[in-house]
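This report concerns only the one structure given below.
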Amino acid sequence: MSDESAREREFWDSAASTLEGARAVVWAEPEVPNAWEARTKECVNEIIGAIEPGLDMSPWPPIMDLGCGVGRLAFPMALAANRRVIGVDASSRMVALAKEESEARADAGRWAAWFMLGDGRTIPETGPLAAAYSVAMFQHIPKDATFGYIRQVAERLISGGRFRFQFVDGSEDTFLSHGLNISEVEETCIGAGLKVLAIDRGIIFPSWVWVTAERVS
């Protein structure tokens with residue numbers, strides 16, 4: 001683990017000392033009623049519509065939630081897609097909270113969500129993926145780390161599998177706050193063997209950009 005990714009883990013572990021603390025950091029919008037639930041629903045809707053066509057390619061590979069945190073999206077996504085979701089996060093504390101929630105929900109039966117600890121720069125071995133998504137993560141890691149993740153996801157996706165991800169449009173480059181150039185993101189996707197199907201600007205937040213990309217070979 002690099003020094004910067006270790007600092008990132010330390011920050012998120014501290015923020016997630018309690019589930020309430022994690023919620024406050026992820027969706028710090030006191031002016032929005034029930035912000036956690038409202039933003040979760042909006043994000044799930046943005047993801048599921050984009051990746052569903054790719055899920056028909058194969059009935060068994062899972063979906064990856066990259067930067068899953070405490071599982072805020074993994075649980076509803078597993079239900080919406082009727083597919084196992086594998087959540088990966090660099091915060092050991094957030095992964096622990098997600099696993100606790102998963103165990104508490106074990107009798108639901110209609111979904112499955114697994115959670116794995118990553119090192120903040122590489123994806124643990126999981127086998128092929130039917131789809132992947134990432135929300136509110138790429139703005140917190142350096143550009144090279146984001147591009148590395150895009151390439152790694154591309155390698156794991158089955159042919160026709162889709163990656164729906166969000167980043168912040170901009171040039172800021174400070175600890176935990178990193179903007180990206182849209183053209184560079186698109187070029188990285190194409191170079192990784194992904195066909196860019198959509199680039200959506202300003203959804204949920206004005207600075208947010210959403211990309212839908214599909215593995216073409």
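Residue numbers count from 1 along this sequence.
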- Taking atom CG of Asn82 and atom CD of Glu52, what is their separation to the nearest 0.5 Å? 10.5 Å

- Item | Atom pair OG (Ser91) and CZ (Arg9), whose distance is rounded to the nearest 0.5 Å | 7.5 Å

- Take Leu180 and Asp169 through the test side chain to side chain contact (heavy atoms under 4.5 Å, CB included) and record every step on the way to the result. CA-CA 5 Å; Leu180 294 171; Asp169 180 18; over 6 Å; no

- Minimum heavy-atom distance between Ser183 and Asn181, given as atom pair plus value: N-OD1, 2.9 Å

- Would you call Asp13 and Ser92 a side-chain contact if the rule is heavy atoms closer than 4.5 Å? yes

- Message: For a quick test of reading the model, state the closest non-hydrogen atom pair linking Glu172 to Thr174 and the distance between them.
- Response: OE2-OG1, 3.5 Å

- Heavy-atom distance under 4.5 Å between the side chains of Pro124 and Val88, does that happen here? yes

- Message: Quick check on the hydrophobic clustering: are Phe11 and Met94 connected, directly or via other members, by side-chain heavy-atom contacts under 4.5 Å?
- Response: yes

- Check Ile51 against Met77 and note the closest heavy-atom contact, atom names and distance. CD1-CE, 3.8 Å

- Item | Arg7 charged N/C atom sitting above Phe175 aromatic ring, 6.0 Å / 45° | yes

- Message: Grouping I, L, V, M, F, W and Y whenever their side-chain heavy atoms are under 4.5 Å apart, do Tyr149 and Ile86 come out in a common cluster?
- Response: yes

- Task: Check Asp65 against Ala74 and note the closest heavy-atom contact, atom names and distance.
- Result: OD2-N, 3.4 Å

- Query: Is Val44 linked to Trp210 within one hydrophobic cluster, defined over Ile, Leu, Val, Met, Phe, Trp and Tyr using a side-chain heavy-atom separation of less than 4.5 Å?
  - Reply: yes

- Message: Quick one, Phe115 with Phe75, criterion ring-ring contact (aromatic ring centres under 6.0 Å, His included). Give me CA distance, side-chain angles, the key distance, then yes/no.
- Response: CA-CA 11 Å; Phe115 299 95; Phe75 296 115; 5.4 Å; yes

- Task: Enter the distance from Ser2:OG to Asp144:CG here, rounded to the nearest 0.5 Å.
- Result: 11.0 Å

- Please identify each residue that fulfils salt bridge (charged side-chain N to carboxylate O under 4.0 Å, His left out) with Lys143, with sequence neighbours left out. Glu184

- Query: Are more than 12 heavy atoms from other residues, nucleotides or ligands located less than 6.0 Å from atom CG of Asp3?
  - Reply: no

- Side chain proximity check, Val168 to Val209, heavy atoms < 4.5 angstrom: no

- Go through the steps for Met137 and Phe167 under the test side chain to side chain contact (heavy atoms under 4.5 Å, CB included), then give the verdict. CA-CA 8 Å; Met137 174 187 169; Phe167 64 92; over 6 Å; no

- Heavy-atom check, side chain of Arg121 versus side chain of Pro142, under 4.5 Å: yes

- Message: Contact between Thr126 and Arg156 at the side-chain level, heavy atoms closer than 4.5 Å - yes or no?
- Response: yes

- Message: Show, in sequence, the C-alpha distance, side-chain angles and deciding distance for Glu8 and Ile141, and conclude whether the side chain to side chain contact (heavy atoms under 4.5 Å, CB included) test is met.
- Response: CA-CA 8 Å; Glu8 292 161 5; Ile141 62 176; 3.7 Å; yes

- Query: Are any non-hydrogen side-chain atoms of Arg151 and Cys189 less than 4.5 angstrom apart?
  - Reply: no

- Verify whether the ring centers belonging to Phe165 and Phe147 lie closer than 6.0 Å. no

- Task: Using distance alone, with no hydrogens and no angle criterion, decide if Asp119 and Ser5 have a side-chain donor and acceptor under 3.5 Å apart.
- Result: no

- Message: I want to check something: taking the side chain as every heavy atom from C-beta on, are Pro128 and Leu157 in contact at a cut-off of under 4.5 Å?
- Response: no

- Of all heavy-atom pairs between Leu97 and Ala16, which one has the smallest distance, and what is that distance? CD1-O, 3.5 Å

- Taking Gln152 for its side chain and Gly148 for its backbone only, find out whether a donor-acceptor pair lies under 3.5 Å. yes

- Query: Rounded to the nearest 0.5 Å, how far does CE of Met64 lie from CH2 of Trp114?
  - Reply: 12.0 Å

- Item | Worked verdict on Leu117 versus Asp89 for side chain to side chain contact (heavy atoms under 4.5 Å, CB included) | CA-CA 5 Å; Leu117 182 65; Asp89 202 275; 5.9 Å; no

- Between Phe163 and Tyr133, is the ring centre distance below 6.0 Å? no

- Item | Donor-acceptor under 3.5 Å (Thr212 side chain, Ala198 main chain) | no

- Query: Does one hydrophobic cluster hold both Val135 and Val211, with members joined at side-chain heavy-atom distances below 4.5 Å?
  - Reply: no

- Any ion pair linking Arg164 and Asp200 (charged N to carboxylate O, less than 4.0 Å)? yes

- Query: Distance from Leu129 atom CG to Arg83 atom CZ, nearest 0.5 Å?
  - Reply: 10.5 Å

- Query: Would a hydrophobic clustering, with Ile, Leu, Val, Met, Phe, Trp and Tyr connected at side-chain separations under 4.5 Å, put Leu194 with Ile123?
  - Reply: yes

- Item | Salt-bridge present (Glu214, Arg162; N to O < 4.0 Å) | yes

- Query: Counting heavy atoms not belonging to Glu10, are there more than 12 under 6.0 Å from its CD?
  - Reply: no

- Of the non-hydrogen atoms in Ala98 and Gly71, which two are nearest, and what is the gap between them? CB-N, 4.1 Å

- If you measure from CD1 on Ile204 to CD on Gln166, what distance do you get to the nearest 0.5 Å? 8.0 Å

